[in-house]
Amino acid sequence: MIDTKDIQTLIQLSEFEEAIELCQNLLESHPDHQGVLFYLAQSFSYTKQYNQSIKTFEKLIELNPKSANHYSNIAVELLKNNQATQALSYLKKSLTIDPNSAISHFNLANTFQHLNDYPNTIKHYKQAIKLDKKYTKAHSNLGAFYLKHQQLQLSLQSLLQGINLDPNCVNTHLNLSNVYRELKAEDKSFDHAVLAYQLAQNDIEVLSNLNNITLSTCQWQNTTAIWQLMDQLNFSYMEQEIPMIEPPFLNIARNDDPSINLAIAQHTCNALALDQTRLRVIPLPKTGEPLKVGYISGDFNEHPVGQAIVNLFKKHSQNILSHAISYGKDDQSQIRKTIEQNSHCFIDISKDSNQRAIKKIHDLKLHILVDLSGHTKRNRMEILAARPSRIQAAYLGYPSTTGSSFHDYLIADDIVIPNEHKKYYSETVLNLPCYYHLVDHEHEISDKYKSKECLGLPKESFVFGSHCAKYKITPALFDAWVQILKQVENSVLWLAYATEYSKNNLMNTLTHQGINPDRVYFANYELNKADHLNRLQFADLLLDTSPYNGHTTTNDALLAQTPVLTIKGNHFASKVSQSILTRMNLSDLIASDLSDYVQKAVDLANNPKKTKQLKELMNLNKNQLNMDDLIVQLEKTYYEMIQLEKRKHRP
C-alpha cells in the first residue's frame, strides 16, 4: 500500500517539481494508483504543464470512467489551457454522472464566464449555490460577473452573502471594493480594499485595487510604498509567468516608461482566453468598392469616447460604410441614439457570448475593425483575439500599446508617438499629420453660467482649475499644486465633482500642508456638455495632470478657450496635451518638469496680460480642433492600411 502523505507535504510546501518526481517514481511500480495520479496531475497544473495534467486526468478517467470529479477536474485544466469547448463537453459528462455536483456546476459557470455566455454563467452559479448554500466562491464569482455586466445591486447582494459565509475571502473583499466604488460608496470601497490587502499583501490584483481606490479618494500617504511593491510584484509575476499582473490601464496612469508599459500589456495579452475557432479570411475591397469599417467599443454612450466619436458616424464620406459594434450599456443617451441613427449598421453584442459575438462580427465582412477600448475597463479583447476582421487597429480610447499580436495598427500622431518610441509598440504605428484625437469643433457652448459667482467661485480670485479624474492626481502633482497656491495668495483651486469622502481626505491633506481648505472648490456634477464647456470659461488657468494627461478634459478646455498648463511627457498618455498645445502654437504652456510647471503657473497668475494674449492666440489657432480635417486624414489612413495589407500578400 502506497502512503501519499509525502506527496501532499511537498505540494503544501510548493515543492512541485519534487512532488512530480516522487509521483513518477511511485508510478513505475504502481502505474494505476489513482491517488498518486491525482497528485501528479495537480502538480503538473501548479507548474503550468497543462497538457501533462490533462493527459494524467485522461488516464484517471480510463481507470474510473464513472467518477464525476475526474471529468470536472480535467475540465478545469482544459479551461486553463484555453480549451473551453472541450471543457464544456467534460463538464456535461460530469453532470450526467452526478447532476447534484455543486463543484461541477461551479466549474461549468466558470467556463461559460470564460466564453462570456451570460445566461448560462448565471444559471450554473445559481445552481451551485442552490446545491451548496455555503459555497463562498460561487457567491463571489456570481457577484463579480454581475458587476462586469453593471448589475450592481445583484452583485452587491451576492457578494454580501459570500462575505457573511467567509469574512476572510480575499476575492470577495476585492469584488466588494469594486462594486462599492461603482455605487459611489467610496468609504466602503476603501475599507474592503484594505481588508483584502491585509489578507493578501503580495497579491498584485489586490494591491492594484488598493492603489486605485486610494488615488481616487485623494489618500496619498502610502502611494510611494505601494508603487514600489507593485513594481516588484509585476516583475516577479512576469518572471514566473503568472497571468494576472497590474492592469495595463492602471500601469500607464502611474508609470511613464513605455518599455514597461509594453511588457505589462504583452504579458496581459499572452494570458487572454483565446477562441480557437478558425475564421475564413475576408477579401480586401475591390477598386471602387466602399470600405467597410467597424468600430467596437463598450462606450457608445455618455462617456468621453462616446462624446468624441459620435459625430464621426455623421461625417464619414460615402466611401466609408461605418459599423458600430457595442458591448456596453445602453444608457438611452442622445449620444447612443445618434450613433445608432448615423452608423451604416449598429450591432449590440453586450449579452452575446464571445463565440456568438465573433460570428456576428465576422459575418459583417469588415475590411477594418477599429478597437476604441484597448485595455480599458470591461473590454472584450478576446473578441479581437479571434480576428473577426481582415485588418484590426487600435485608436482613441487607450493611449498606449495594446501589446497584442492581433492589433495590426495603432493610429496616433508624431508627438504622442515619436519615431524613436515606435519600438515600444506591438502594433505598426500610423501617425496622422495632425492631432490624433477627435474634437468636436462645432460643439455648442451654452450661456447657462454668466460669471464666477454663478459657480460659487470668488469673483476677484485667480481660479486654477483641474477637472480630471482623481486617480490622475499623484502625490508629486498635488504637492506642486500646494506650492502654486502658497505662491499665489489670491488664488483658489477648482476641482471636478467629488464625493464627501474624497473631499474630506483632500481637505485634511491641505490642512496638514498649511493651506486653508476654503481655497478649494468642487464643481457640481454636470451631465450637459454644452453647460460644462460654458463653465470652463470661468477658470483662469487649467492645471493638467501628469503622467496621465487630461485628454477629453484638455480638448474641452481648449474648445472653451481656456489655457491649459501641461508638463512635457515621456509616454503616449503624458504627451496628449503637449500634442494639441504644440499644434495651436501654445508651447509656452508646456512645462519641462514639475518645477517649471509651478513657475509657469505662478508667472501666468501674476501676469494677466500674458493670460489674455494666450487666449487670443488660442482663438487664432482654433482650426487645429477641426474634426472635419481629422476625419479626412483618418480615412486616408484606412486606405493606407489596405495598401499595406495588399503589399504583404503580393508575390
Side-chain angles (χ1 to χ4, degrees), residues 116 275 277 279-286 288-301 303 305-331 333-374 376 378-398 402 406-411 430 438 627 630-632 634-642 645:
N116 206 60
D275 189 277
T277 307
L279 301 172
R280 291 183 65 185
V281 176
I282 296 164
L284 291 170
K286 298 174 183 176
E289 182 183 352
L291 200 57
K292 296 173 76 172
V293 179
Y295 295 93
I296 183 168
S297 176
D299 300 315
F300 290 135
N301 44 40
H303 180 277
V305 168
Q307 293 170 7
I309 205 81
V310 59
N311 283 332
L312 177 63
F313 293 97
K314 283 185 181 180
K315 293 173 177 282
H316 260 315
S317 70
Q318 292 182 345
N319 295 325
I320 304 292
L321 300 181
S322 63
H323 297 65
I325 302 155
S326 173
Y327 54 80
K329 182 180 180 182
D330 180 0
D331 61 352
S333 65
Q334 189 56 49
I335 286 175
R336 171 79 172 210
K337 291 172 185 173
T338 301
I339 293 173
E340 287 181 2
Q341 291 164 3
N342 289 281
S343 54
H344 175 75
C345 176
F346 187 96
I347 296 178
D348 187 338
I349 58 167
S350 59
K351 293 292 176 69
D352 289 332
S353 68
N354 289 337
Q355 289 175 319
R356 182 169 173 76
I358 290 161
K359 184 179 186 308
K360 277 186 177 181
I361 297 169
H362 186 256
D363 287 347
L364 296 172
K365 294 182 169 55
L366 298 172
H367 302 123
I368 300 172
L369 180 60
V370 182
D371 177 16
L372 299 171
S373 298
T376 56
R378 286 184 286 275
N379 71 76
R380 293 184 67 180
M381 199 84 83
E382 295 90 348
I383 291 172
L384 285 116
R387 282 196 163 273
S389 174
R390 176 65 180 266
I391 298 169
Q392 299 187 162
Y395 177 54
L396 195 67
Y398 181 66
T402 62
F406 44 83
H407 287 83
D408 305 295
Y409 302 101
L410 186 144
I411 302 168
L430 297 179
L438 288 161
M627 180 185 278
L630 171 58
I631 292 172
V632 170
L634 194 59
E635 292 186 1
K636 285 182 179 178
T637 301
Y638 291 155
Y639 281 104
E640 183 183 353
M641 291 177 191
I642 298 296
E645 187 70 11

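On a predicted model such as this, the values are computed, not experimentally measured, just so you know. Numbering of residues begins at 1 and proceeds along the displayed sequence.
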Rounding to 0.5 Å, atoms CD (Gln355) and CG (Asn116) come to a distance of 11.0 Å
So salt bridge (charged side-chain N to carboxylate O under 4.0 Å, His left out) across residues 361-372, not counting sequence neighbours, yields Lys359-Asp363
Query raised in the report: Tell me, do Leu410 and Tyr395 make a side-chain contact under 4.5 Å, heavy atoms counted?
Result: no
Residue pairs meeting salt bridge (charged side-chain N to carboxylate O under 4.0 Å, His left out), one or both in residues 341-358, sequence neighbours left out, come to Arg336-Asp348, Asp352-Arg356, Asp352-Lys360
Heavy atoms of Ala394 and His407 approach each other most closely as CB-CD2, 3.8 Å
The single option from Leu321, Ile368, Leu366 that satisfies side-chain contact (heavy atoms from CB on, under 4.5 Å) with Leu291 is Ile368
**Prompt:** Okay, side chain of Lys292, backbone of Leu364: is any donor-acceptor separation there less than 3.5 Å?
**Reply:** yes
CD1 of Ile642 to OG1 of Thr637, rounded to nearest 0.5 Å, is 12.0 Å
- [ ] Taking the side chain as every heavy atom from C-beta outward, state whether Leu369 and Pro388 have any pair of such atoms under 4.5 Å apart.
- [x] yes
Those residues at least two apart in sequence (or on a different chain) that pass ring-ring contact (aromatic ring centres under 6.0 Å, His included) with His316 are Tyr295
Separation between CD1 (Ile320) and OH (Tyr639), nearest 0.5 Å, reads 4.5 Å
Paired with Tyr327, the side-chain contact (heavy atoms from CB on, under 4.5 Å) test is passed by just one of Asp299, Ile296, Ile347, namely Ile296
Rounded to the nearest 0.5 Å, the CE atom of Met627 sits from the NZ atom of Lys315 at a distance of 7.0 Å
dist Gln392:CD -> Phe406:CZ (nearest 0.5 Å) comes out at 8.0 Å
Taken to the nearest 0.5 Å, the spacing of Asn301 CG from Ser326 OG works out to 7.0 Å
key: Side-chain donor or acceptor of Asp408 paired with backbone N/O of Ile391 under 3.5 Å   = no
May I ask you to test the Ile383-Ile349 pair for a side-chain heavy-atom distance under 4.5 Å? yes
| query | When you look at Ser297 and Val305, which way does the side-chain contact (heavy atoms from CB on, under 4.5 Å) test go after all the steps? | reply | CA-CA 9 Å; Ser297 176; Val305 168; 4.2 Å; yes
